[in-house]
There are 2 protein chains.
Amino acid sequence: MTTEEKIITAAEQIFMEQGFDGARMQAIADKAEINKAMLHYYFRSKDMLFEKIFVEKVKVLFPAIGEQMKQHLSFIDKVCFFIEQYYQILNKYPFLPFFVISTVNKKDNQHFIQKLPIDFFKEFFLESFFQDQAQGKIRQVNPFQFALSLMGMSVFPFLAKPALVGITQMSDGDFTELMNQRVVELQTYAKLILTP
Amino acid sequence: MTTEEKIITAAEQIFMEQGFDGARMQAIADKAEINKAMLHYYFRSKDMLFEKIFVEKVKVLFPAIGEQMKQHLSFIDKVCFFIEQYYQILNKYPFLPFFVISTVNKKDNQHFIQKLPIDFFKEFFLESFFQDQAQGKIRQVNPFQFALSLMGMSVFPFLAKPALVGITQMSDGDFTELMNQRVVELQTYAKLILTP
DNA sequence: TGAAAAATTAACCATTTGGTTAAATCATTT
DNA sequence: AAATGATTTAACCAAATGGTTAATTTTTCA
């Protein structure tokens, strides 16, 4: 493992746990087991290190599942496929949604918003939606509202995970189990909402 | 306006915008137009000031709409009423969900999790759910999953507001308009999901 | 092998930050 | 008005933080 990789791995953890403001360069250095000066040697500044991590992580959260989506013909199929794929990612990186949301929610972070890769929304979601709706294959719902709902339902348990786990006393395994059940539950909801 | 009120008002804004770590005591003092020492005179420390704000704001986000809910007989009615009431609160305090989520998501904040008033979930949500489900008035969905979905659909647009506004170039008025439309959209979704 | 380049370290620095303090001002009561 | 207590201020402080630097070690390669 190179020093650069050690730094990135450590920075990911610290930034995800503590956020940009809460993260300390020394803490990253400690976790990476390197001298603090190396952080600046490789990434110049805290801002640049953070941006590196953010850009990388955002690619994971807005994945390139567009290609695979083409296989699924109807809009409803696409949505169900999305839920399934997305929960694999979320289960793997449960802190990602909060990391992205909290970065984007800070003032003067318009800069990071532009970095969000959202093309696939127009390309696969909207296009397919209107096509199927014109054919009467899905109900007259507002596609934008539906997209927000789909994202919200998917992502919210992960945003609220610490609260959920804290309140219900469930283990990490319990949570994963709940999220696995959730895939088919959300697919059912989507079908109920969309099927005319 | 007393000094204490000035402080609270200023602290609310700064903490909501910047989070605990990002907030500066000096910034709060400046916004309140008072001397920084007053903050400690009235609230002792940054932690105690923050806690004061958090506890207060959390009461707003988990409102006492339980009483009014009794009027609504069926579970579906209750859910629709909840959506309507909740969006009034969210439109008024759009940054609250992020504030609470981001506080709770930080390590070592188990302490704040205990402060979340969630009794009304068991009291009004679960109880009514099982009652109506036993009578076959609602579909066989998992109440916990449904609650998570309902919260997620409701709250997510506000969590993602900066990104949404940034990407779509919509104005604040556009956003509010979208959220107003959203009330009936979500009520429709809830009915479609729950009605057998 | 040996010199140049890259990587690493320890010590250091300027600034910021939450918090304190002692003195000053204002309000209240007698 | 004088004494008392509450409120407010400016100056200050120690600790922490992001960042730098000069020297040292390791790697590269002619």
Side-chain angles (χ1 to χ4, degrees), chain A residues 1-57 99 102-112 115, chain B residues 1-57 99 102-112 115:
Chain A
M1 211 176 182
T2 70
T3 302
E4 201 169 334
E5 288 167 342
K6 279 197 269 183
I7 293 175
I8 287 189
T9 306
E12 275 175 14
Q13 285 185 57
I14 299 289
F15 278 135
M16 294 246 245
E17 279 172 13
Q18 315 279 354
F20 179 82
D21 290 318
R24 299 286 155 244
M25 293 298 265
Q26 189 60 58
I28 296 173
D30 290 347
K31 176 148 281 183
E33 292 176 301
I34 47 121
N35 188 290
K36 181 163 71 85
M38 301 308 305
L39 299 178
H40 297 94
Y41 180 73
Y42 281 96
F43 298 97
R44 292 192 68 95
S45 69
K46 187 183 182 183
D47 286 275
M48 290 176 97
L49 176 56
F50 183 83
E51 176 151 343
K52 175 95 182 184
I53 304 291
F54 181 81
V55 170
E56 200 179 89
K57 287 286 132 184
F99 176 68
S102 71
T103 301
V104 160
N105 261 279
K106 279 191 52 184
K107 251 191 171 162
D108 315 321
N109 275 8
Q110 189 65 22
H111 165 244
F112 285 112
K115 289 228 177 324
Chain B
M1 209 176 184
T2 70
T3 302
E4 200 169 334
E5 288 167 342
K6 279 197 271 184
I7 293 176
I8 287 189
T9 307
E12 275 175 14
Q13 286 184 57
I14 299 289
F15 279 135
M16 294 245 245
E17 280 172 12
Q18 315 278 353
F20 179 83
D21 290 317
R24 298 285 155 247
M25 293 297 266
Q26 190 59 58
I28 295 173
D30 290 347
K31 176 147 279 182
E33 291 176 304
I34 48 120
N35 187 290
K36 180 163 71 85
M38 301 309 297
L39 299 178
H40 295 95
Y41 180 74
Y42 282 96
F43 299 96
R44 293 191 69 96
S45 69
K46 188 182 182 184
D47 285 275
M48 290 176 97
L49 176 55
F50 183 82
E51 177 153 344
K52 175 96 180 184
I53 304 290
F54 181 81
V55 170
E56 201 179 88
K57 287 286 134 183
F99 177 68
S102 71
T103 301
V104 160
N105 261 279
K106 279 191 51 184
K107 251 190 173 164
D108 316 321
N109 274 8
Q110 189 66 20
H111 166 244
F112 285 111
K115 290 230 178 321

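Computed from a predicted structure; not experimentally measured. Lettering follows sequence order; numbering is per chain, from 1.
Among pairs with a residue in residues 18-38 of chain B, those fulfilling side chain to side chain donor-acceptor pair (under 3.5 Å) read B:Q13-B:K31, B:D21-B:K106, B:Q26-B:D30, at least two apart in sequence or across chains. Among pairs with a residue in residues 38-55 of chain B, those fulfilling salt bridge (Lys or Arg N to Asp or Glu O under 4.0 Å) read B:E51-B:K115, at least two apart in sequence or across chains.
Contacts with DNA chain C (heavy atom under 4.0 Å) in residues 43-56 of chain B: B:S45, B:K46, listed by number. Residues from residues 15-26 of chain B with heavy atoms under 4.0 angstrom of DNA chain C, sorted by number: B:A23, B:R24, B:M25.
Considering only residues two or more places apart in sequence or on other chains, A:T103 meets the side-chain contact (heavy atoms from CB on, under 4.5 Å) condition with A:F50, A:F54, A:F99, A:N109, A:F112. Every residue was checked against the salt bridge (charged side-chain N to carboxylate O under 4.0 Å, His left out) condition with B:E4, not counting sequence neighbours, and none meets it. With sequence neighbours left out, the side-chain contact (heavy atoms from CB on, under 4.5 Å) criterion links B:A32 to B:K6, B:A10, B:I34. The ring-ring contact (aromatic ring centres under 6.0 Å, His included) search around A:Y42 returns none, not counting sequence neighbours. Residues satisfying the ring-ring contact (aromatic ring centres under 6.0 Å, His included) test with A:F43, not counting sequence neighbours, are none.
Residues A:I8 and A:I53 approach most closely at O-CD1, 3.7 Å, considering heavy atoms.
Of all nucleotides in DNA chain C, those with any atom nearer than 4.0 Å to a heavy atom of chain B start and finish, going 5' to 3', at C:dT17 to C:dT21.
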Where do N or O atoms of nucleotides 23-25 of chain D meet protein N or O atoms at under 3.5 Å, pair by pair?
none

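B:M1 contributes atom CE, which lies 3.0 Å from atom OG1 of B:T9 (distance to the nearest 0.5 angstrom). Distance check, rounded to the nearest 0.5 Å: CG of A:N105 to CE of B:M16 gives 12.0 Å. Put simply, CD1 on A:I28 and CD1 on A:I7 are 9.0 Å apart, with the number rounded to the nearest 0.5 Å.
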Spell out protein contact along nucleotides 5-10 of chain D as letters: B when the base is contacted, S when just the sugar-phosphate is, - when no protein heavy atom is under 4.0 Å; keep the 5' to 3' order.
-SBBBB

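Atom NE2 of A:H40 and atom P of D:dA22 are 17 Å apart (whole Å).
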